[in-house]
2 protein chains.
Amino acid sequence: MIASDKSSVQILLKRCLAAGMKTIVCSPGSRNAPIVISADSHPDIETLVIHDERVAAFYALGISLATREPVGLTCTSGSAMLNYYPAIAEAYYQCVPLIIMTADRPEEWINHGDGQTIVQKGVYYNHVHGELVIPESAKEKGVYAEKIEELLRNAISGWRGPVHFNLPFAEPLYDTAEVTASEVFPFNVGIEPFRAESLRAFKKEWKAAKKIMVLVGQMDRDVGTEKLINDLSLDPSICVLVENTSNLSGSRLNHCIDRSLNVIPEDQWDEFKPDLLLTFGGAVISKRIKTFLRNTKGLKHFRVGFEFPEMDTYRHLTQHIFASPFDILKILQKKEMRKYHSNFGSKWKQLDFLVKDHQDLYLDSIEFSDLKVFHWINQFLPNGTYLHMANSSVVRYCQLFDPVQDAKYYGNRGTSGIDGSTSTALGFAFKMPENLNVLVTGDISFLYDSNALWTKYLLGNVKIILVNNNGGGIFKIIDGPSSTPQLEEYFEAKHEQTAEHICRAFNINYRSVSDDTGLQGELSTFFKDFGVGRPDLLEVFTDSSRNDKVLKNYFQEAKTWI
Amino acid sequence: MIASDKSSVQILLKRCLAAGMKTIVCSPGSRNAPIVISADSHPDIETLVIHDERVAAFYALGISLATREPVGLTCTSGSAMLNYYPAIAEAYYQCVPLIIMTADRPEEWINHGDGQTIVQKGVYYNHVHGELVIPESAKEKGVYAEKIEELLRNAISGWRGPVHFNLPFAEPLYDTAEVTASEVFPFNVGIEPFRAESLRAFKKEWKAAKKIMVLVGQMDRDVGTEKLINDLSLDPSICVLVENTSNLSGSRLNHCIDRSLNVIPEDQWDEFKPDLLLTFGGAVISKRIKTFLRNTKGLKHFRVGFEFPEMDTYRHLTQHIFASPFDILKILQKKEMRKYHSNFGSKWKQLDFLVKDHQDLYLDSIEFSDLKVFHWINQFLPNGTYLHMANSSVVRYCQLFDPVQDAKYYGNRGTSGIDGSTSTALGFAFKMPENLNVLVTGDISFLYDSNALWTKYLLGNVKIILVNNNGGGIFKIIDGPSSTPQLEEYFEAKHEQTAEHICRAFNINYRSVSDDTGLQGELSTFFKDFGVGRPDLLEVFTDSSRNDKVLKNYFQEAKTWI
C-alpha cells in the first residue's frame, strides 16, 4: 500500500481507523497532499472531495450523524481551516465527533510572509475537545502516538465532539513510501459506570415528587430509550415533553410543546408547573418552555448525560448525573421508584389531545401561507422519511405538528445557525442512499448554503422543499423587529431571489408553486420514485405580508380549543 | 436622533466615527439589533446589509481598501461570527482596519443551552489587534470608553489591522432612546517619530554596499513613495524589484520578478545576488525570489514599516526599522548616502528589457491557453483600471506582464486564500462607482465565492473575466501533484461547472468564448460603457490539458531570449 512518507500521517490515520473513522472529506490543496494521498491509497478509507471548506465540514457533520461514526476532514494551510469553523462549533454543541486534520507549514515559517500561512494553533480552542500539533517525524511508538489516541478517545467516548490535529509539513509534500496496512484494533472506549451512591438524592426526590416533567432535547433515534420512556409515560403523574428532534414516538408523549403551552390559560399555569424536572438529550427548540421552567419556583432539576455538565438551562439545576439516559430510565422503571400519584401528566396529555383534534380541521381552512405550507408538508410526508429542517422559522413551524410515523428529524440545533443546513442534510443523505431524505428550508438558509450543491455527491434520494417568503420570515414572527423602521431592510432583509437558476447551475430538477391547489398537487407526487436521477427541488412561494398574521391568528384561535 | 438604549452601542459608535469609520456592513439577526438600529439611524454612517457573513466581511475588507478608512462589521450571536473569520485573517495579514462588532448573549447565558450561543470571547485571538467585551451598561465617561479608544487606535495607527468588540445584550433588544449626535473629534493617531540613532547601522551598510536590491511587496498606490523609488532606481548599483501589487510604476523598476529570474543562467546567479536587501510593503507573490534570497549568503536585510517586526521572510533579517518607507527613502535620497557604484541594478534592468522585447511577439504566436488569455487581457485592459486578481494561478499569470498604465492592482495576498476574492473586489468597486473595476478570477475561486453576487450592491462598473479551465489549474503548474495518481481527482479536482446559470440567478450579464479570435473580439468591447446597468461577466474556457505545457514552454523558450 502506498502512503505519504510523512510518518505523522501514517500513525494518525492508523489510529483514526481504530477510532472507527471510515470517511475523510478532503478539500483540494497542496500542503495537505500527504494526508490526501495516504487516505486515498488506504483501502479502508472512503475519501470525498469538496472545494468549499465551509460546505466540506458541514458535509462531514452530516455523514457522522448518518453513520454515527467519527468523520475526518482535511484541508490545506491558511484560511481554508477558518472556513471549517462554523461546522466545528455546530459539531461541538451537537456532540458530533469530527476529526479535523489541518495541514500547516513548519512552525518556524509561521508569520514570515509565506502564502497561505496563518497561526493555526489554538484557532478552534473554544469549540473542540482538544488539539494536538503532530511533528511530521512523530514515531509509531512514542509520545505522539499516545497523545493521538488520547485525543481520539475524547472525540468518541462519553462527551463526544470534534478534535483538532494540526500537521506541519515541510516540502517535499508528494513523496510516498510503500507501507503495509497493519491490523487495526478498535479502541476500547468503555465509559466508567456511574456510581449508585451518586443517585441517592435524585431517587429520593423522584419518589417524593408529585408533579414530574421529563423533557427530552435533540437525540438520535434509540429504540431502547424509546421503549423505556413510553413505559414511564404511562404513569399519570409524569408528563413527557419531546420535540420532533428528540426522535421519540409514543401515544402518551407530548410532541408539540409550544402548541400545548400556548393553550394553558394564564391563571392555570401553576397547575402545569412540575416540582421535579428530568432532562436529557441536546438542544431544546422551544423558547416558551425555557421561559416557563425558568419561572417555575422551587423546581428541582436533574440532568442526565455526559455532555456539558455545567449547563443550567432552566436555572434550577440540582444535579448533573453522569450516566446514559437509558441506564437511568432503566432504574426509574422499577416499581418501588414511584410512590406518589397525581394526574399531572394526564393533564398535560389532555391539552395535547384537545389541540390536536382541532388543529387539522382549522388548518385545512386557513389561507395559503407558510403555516399552511407546513401543514401540507406534514400531511404528505411519507412514513419513515429522514426529515432535515433548516433553522429559523422552518424548524419552529415544524414543531407545531405531530411527527410523521417512523420519520427521523434532524436540524443543526447546536448553534442554530443558518449557515450549513443544506450541506449537513446532503452529507447525511449521501450515506443513506436507500432512504428518502427531505430537506425543508427557507430562502435565506438555502441561498446562504447554495455551495452545498457544488459537489459530486448528490443522489436522487434528496428532495428539497424551499419555502420562499422573500426574506427572513422569522423576524416578522418574533417580538421586536416589527416595531422598528428597520424591519424590511435590515431584519427581514427582503429580496426577490429565487432558486430556479441555482438549480439549473447545479443540475437539480426544479419546479415551483404559489397556491394551495398547486402545492397539494405537487406534494402528492413529489416524494415518489426517489432514488433515481438527480435531486428535486420544489420552491413554494408564499406572501410575506400574510404569513405572520396567519401564525398569530393560529395561536390566538388555538386558545379557544380547550 | 434615535439610537438603541444600550449605552455600550452609543459610546462605541461615537468612537468608531472618531476613528474615521463611515460604513458598517450588517448581517441580519436579532441579537445585533441594537447596533443595526443605531447605525441605520445615524446620519454619518452608511449601512449595507449582506446575509452571508463570509461575504459581508470580505466586502468590508474591499470597502476599507477602496476608502482607506476603517470599516465596521456587525452580526448576530453564535456561528455567524465564525463566518467572518476568513476575511479577518486576510485583513490581519494585509493590515486592513476592520472594526468587528459581534453581538452576544450576556455571559451568564453562554453554554447554557440557548440557541445561537457559542463562546465568542477569544475566537479571533490569533488574528486581531485586540479584543474587548463591552458590558451593555458601559458609561460615556469610564474605563470602557478609554479601552475602546485604545483598541481603535490599535486598529488605525502604525501596524494597522482588525479589532474585535464583543457586545453582550440582554433582552429587550429593540428599545430605543432619543440621543443628540455629539460632535466627533477625530483621534490623534500620531505615530512616534523614529529615532535617528536607530538608523546608524543601516546607513553604514547602505553606503558600503556594492549591490543593493530594493524589493517592494503589496502596497497601496502612493505618489510620494513612487517618486522617491524612481529617483533611487536611477542609481545603477541599485535594482528595484516590484510586483504589480506594489502599485509602483517606473521605467527603471523591474516589474516582473519571476520573468527576470527565469532567464538568469544558473552559472551567473551569484552576479545577480545582492549584498544588501531593503524591503517594505506587504506580501511578495514570487516564490522564486524568496528561494533566491534565502540562498544568498552573507546578505544583510533591512526591513522598513510598522507591521510584523519579527517577520524574517528571507532568513537574513539584520534590522527591522520602525518607520514609513517614505521617510526612509527620503533619507536615502541624500547624495552623501551613496558612495559606491556598480552596474548591479543596470544588469537586472537589462534582463527585463531583453525579455520584454521578445515576450509580446512570442505570446502572439502561441496556441490558445491560459497564458494566451492573460496576454490578451493585459493588452486590452484600459489605462487606469482597478484590477482585482483572484488567487492561485490568476495572480501568478498576471505577474508575467508589465502593469497597465495607471492601473491599480489588488489581490488578497494576506492569506492568499481563494475564499473571498469576488466579495473583496465587489466591496471595493461599490465604493468606486466612477471607476472601471475588473476582476480576473478562476473557476474554483469564482464558484467558491459566488454568494458575493447575492447582494444589492452590484454596479455596472464591475467587469468579471472568469478563466475556466475546469479545475484547480494551479495544481498542474506547481511541482508535485502531477507525479501523483491523485492529480485529477484530488488536486486539480476537475469539474464541468460553468458560471452561466449563476450569472442568471443574480442578474449578471453573461457571455462566453473559447478561442483566440472570439476572445479578442469580446475584449475589444468588453470594457466599454462601464458604469451603466448590471455587471458583465465573460467566461473564457481553456483546455486544461494544454495550459501547463504552454506555460512550461514559455519559461523554457524565454531562457533563449538573453
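Residue numbers begin at 1 in each chain, while the letters A, B, ... track the order of the sequences. If you're wondering where the values come from, they're calculated on a predicted model, not measured in any experiment.
When every heavy atom of B:Thr424 is checked against every heavy atom of B:Gly420, the shortest pair comes out as OG1-O, 2.7 Å.
Between the side chain of A:Arg294 and the backbone N or O of A:Thr313 there is at least one donor-acceptor pair closer than 3.5 Å. Side-chain N or O atoms of A:Tyr84 include one that pairs as donor or acceptor with a backbone N or O of A:Thr74 at under 3.5 Å. No donor-acceptor pair under 3.5 Å is formed between the side chain of A:Ser4 and the backbone N or O of A:Ser38. Using a distance-only test at 3.5 Å, with no hydrogens or angles considered, no donor-acceptor pair links the side chain of A:Tyr510 to the main chain of A:Glu539.
With salt bridges taken as basic N to acidic carboxylate O contacts below 4.0 Å, one links B:Asp52 and A:Arg54. The pair B:Lys476-B:Glu488 does not meet the salt-bridge criterion, since no charged nitrogen lies less than 4.0 angstrom from a carboxylate oxygen.
Between chain B and the residues A:Gln486, A:Arg315, A:Arg504, A:Lys456, the most heavy-atom pairs under 4.5 angstrom are made by A:Arg315. Considering only heavy-atom pairs separated by less than 4.5 Å from chain B, the leading option among A:Ile285, A:Thr415, A:Ile478 is A:Thr415. If you tally non-hydrogen atom pairs under 4.5 Å between each of A:Gly217, A:Gly417, A:Gly29 and chain B, the highest count goes to A:Gly29. The residue among A:Gly472, A:Gly113, A:Ala499 with the most heavy atom pairs within less than 4.5 Å of chain B is A:Gly113. If you tally non-hydrogen atom pairs under 4.5 Å between each of B:Ile502, B:Val36, B:Ile118, B:Val284 and chain A, the highest count goes to B:Ile118. Comparing B:Glu492, B:Glu489, B:Glu500, B:Glu496 by how many heavy-atom pairs each has under 4.5 Å with chain A, the most go to B:Glu489. Top candidate by heavy-atom pairs under 4.5 Å with chain A, chosen from B:Tyr125, B:Phe308, B:Phe506, is B:Phe506. The most heavy-atom pairs under 4.5 Å with chain A, out of B:Gly115, B:Pro481, B:Ser483, come from B:Pro481. Heavy-atom pairs under 4.5 Å with chain A were tallied for B:His501, B:Glu310, B:His112; the largest tally goes to B:His112. When each of A:Tyr92, A:Tyr93, A:Tyr314 is scored by its heavy-atom pairs under 4.5 Å with chain B, the top score falls to A:Tyr93. Heavy-atom pairs under 4.5 Å with chain A peak, among B:Thr484, B:Asp419, B:Asp479, at B:Asp419. Among the candidates A:Cys503, A:Ser416, A:Gly480, the residue making the largest number of heavy-atom pairs closer than 4.5 Å to chain B is A:Gly480.
For a residue to count as touching a neighbouring chain, one of its non-hydrogen atoms must lie under 4.5 Å from one of that chain's; by this rule B:Lys121 touches chain A with the backbone only. Only the side chain of B:Val49 comes within less than 4.5 Å of a heavy atom of chain A; its backbone N, CA, C and O stay farther away. The contact between B:His51 and chain A is made by backbone and side chain atoms together, counting heavy-atom distances below 4.5 Å. Proximity to chain A is absent for every atom of B:Ile2, based on heavy atoms less than 4.5 angstrom apart. Looking at B:Asn451, the atoms closer than 4.5 Å to chain A (heavy atoms on both sides) all sit in the side chain, from C-beta outward. For B:Ala283, no part lies under 4.5 angstrom from a heavy atom of chain A. Looking at B:Thr47, the atoms closer than 4.5 Å to chain A (heavy atoms on both sides) sit in the backbone and in the side chain alike. If you measure heavy-atom distances from B:Leu173 to chain A, you find no contacts under 4.5 Å at all. Heavy atoms closer than 4.5 Å to chain A are found nowhere in B:Arg413, neither backbone nor side chain. For a residue to count as touching a neighbouring chain, one of its non-hydrogen atoms must lie under 4.5 Å from one of that chain's; by this rule B:Glu90 does not touch chain A. Contacts between B:Phe475 and chain A at a heavy-atom distance below 4.5 Å involve the side chain alone, from C-beta outward.
Side-chain contact annotation: B:Tyr174 with B:Ser30, donor-acceptor N/O pair under 3.5 Å present. Under 3.5 Å, the side chains of A:Asn83 and B:Tyr85 contain no donor-acceptor pair of N or O atoms.
The distance from the CD atom of B:Gln120 to the CZ atom of B:Arg105 is 10.0 Å, given to the nearest 0.5 Å.
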Decide side-chain contact (heavy atoms from CB on, under 4.5 Å) for B:Ile444 and A:Trp454; before the verdict, give the C-alpha distance in whole Å, the side-chain angles of both, and the deciding distance to 0.1 Å.
-> CA-CA 11 Å; B:Ile444 304 288; A:Trp454 177 33; 4.2 Å; yes
Where do B:Ile37 and A:Phe491 land on the side-chain contact (heavy atoms from CB on, under 4.5 Å) test, with the steps shown first?
-> CA-CA 10 Å; B:Ile37 291 170; A:Phe491 298 108; 4.2 Å; yes
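Between B:Phe169 and B:Ser77 there is no side-chain heavy-atom pair separated by less than 4.5 Å. Taking the side chain as every heavy atom from C-beta outward, A:Tyr124 and A:Glu131 never approach each other to under 4.5 Å.
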